[in-house]
Amino acid sequence: MTHDEIEKAIIRIFADQFEIENPGLNDNLRDVYEFDSIDAIELLREIEILLGVQLTREEKKAAMEIRTVNQIVDYVVRLDRKIE
Amino acid sequence: MLRHPLRNNWYHTLKDLTITLILWGYYTIGFVILFAPFYVCSRFFSTDVTQAFQRLNTRFYRWFFVLLRYLAPACRWRVDPAVKTIRGAVIVANHASYLDPILLISLFPRHTTIAKQRLFHIPLYGRMLRLSGYIPSSAEGPLAELMLDSMEKMPAFLSGGGNLIVFPEGTRSRDGQIGPLNTGAFKIARLCNAPIHVLYMENTDRLFRPGRFLFDTRSANTVCVEYLTCIEPRYDDPGFSLNGLMGQVRGVLEDRRSPVR
């Protein structure tokens, strides 16, 4: 998947799963949209479905510190490259 | 013979103070002497430490309320029988007093709850919360692993009959109004496809008022745990909305809320 495809997929997940439409790419999700740890865990599940893989505990732990959509996209791009 | 009102006040305050100190004594020294040995044994010998700790917590608080009922006979207690039959659900209730969470914990041997993040950092107590399988309210830093672990186990815990007890207001109401609801309980319910049971706690704040040290043991009072409703949302329905669900729960609580005191 390209960077743009991943970005579109993440924004679609935000709209479908979290009722957050077109979040700013550099907005702090916690501060602006009250996106919390439970949301992050749900998002990780969606990322697993998107990539078709099971994430390891370490990969999930690393994601818990992410705060912006751009960081999420970078995280997914890194995972995607690792899988390829 | 009529008593002098001032002497009457002193007598009542002294009685409240004595009872409060007995209850705090049970909570601290009583815990160490009567329950700590069982916790230690469970920690090292139980095959399911989390479940053993949850049962012990329930017993510890159950005995707390047995003692409270005995010491404060003017207070009556009414727990809707339907409450005790709840299994495998997210239980949400209004929050008026520190008694609310421990009262619900005393009713459900298989339970977990969301506790404030800072409590997990208190030596021994924080360890006990972890071993009881309780969930931190936020998952920053070292609590991230605990949160991930809790959430991975939650679907099996709920489908196995356990209950998640949450006070979505997050803090005690000081005026009897229902405060803004936090999303956590509802997100977990969605994540685990679990039903939501709504309860109403009444008059716990008259027995143990926020901001006061003393229990009010002399006022005639009836503490109620009332079963309001069960909501079973269709989480996979495209029309499902978390805000809609929260609004529904809020509406149920507000409809039941007593008139402003």
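Just so it is clear: chains get the letters A, B, ... in the order the sequence lines come, proteins before strands, and each one is counted from 1.
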More than 12 heavy atoms of other groups within 6.0 Å of [X] [atom1]:
X      : atom1 : result
B/D237 : CG    : yes
B/F38  : CZ    : no
B/L124 : CG    : no
A/E65  : CD    : yes
B/Y98  : OH    : no
A/R57  : CZ    : yes
A/E5   : CD    : yes

* Derivation of the side-chain contact (heavy atoms from CB on, under 4.5 Å) call for A/M64 and B/E145 -> CA-CA 9 Å; A/M64 299 302 277; B/E145 178 120 32; over 6 Å; no
* Asked: Would A/E42 and B/R190 satisfy side-chain contact (heavy atoms from CB on, under 4.5 Å), going step by step from the backbone distance to the final call?
  -> CA-CA 10 Å; A/E42 203 168 346; B/R190 180 176 63 182; 3.0 Å; yes
* Structure fact -> In this structure, CG of A/D39 is separated from CG of B/L191 (nearest 0.5 Å) by 9.5 Å
* Structure fact -> dist A/D36:CG -> B/N182:CG (nearest 0.5 Å) comes out at 9.0 Å
* Name the region of B/M147, side chain, backbone, both or neither, that has any atom closer than 4.5 Å to a heavy atom of chain A. => both
* Asked: Taking every heavy-atom pair that is under 4.5 Å apart, which of B/T183, B/N243, B/D149 has the most such pairs with chain A?
  ->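 Of B/T183, B/N243, B/D149, B/D149 has the most heavy-atom pairs under 4.5 Å with chain A.
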* Structure fact -> From the list B/S138, B/S150, B/A144, the residue making the most non-hydrogen contacts under 4.5 Å with chain A is B/S138
* Taking the side chain as every heavy atom from C-beta outward, state whether B/K187 and A/S37 have any atom pair closer than 4.5 Å. =>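 No. Closest side-chain heavy atoms not under 4.5 Å.
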* Structure fact -> Residues B/L242 and A/E19: closest non-hydrogen pair is N-OE2, 2.6 Å
* So, are B/E152 and A/K60 salt-bridged, with charged N and O less than 4.0 Å apart? ->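 Counted as a salt bridge, because a side-chain N and a carboxylate O are separated by less than 4.0 Å.
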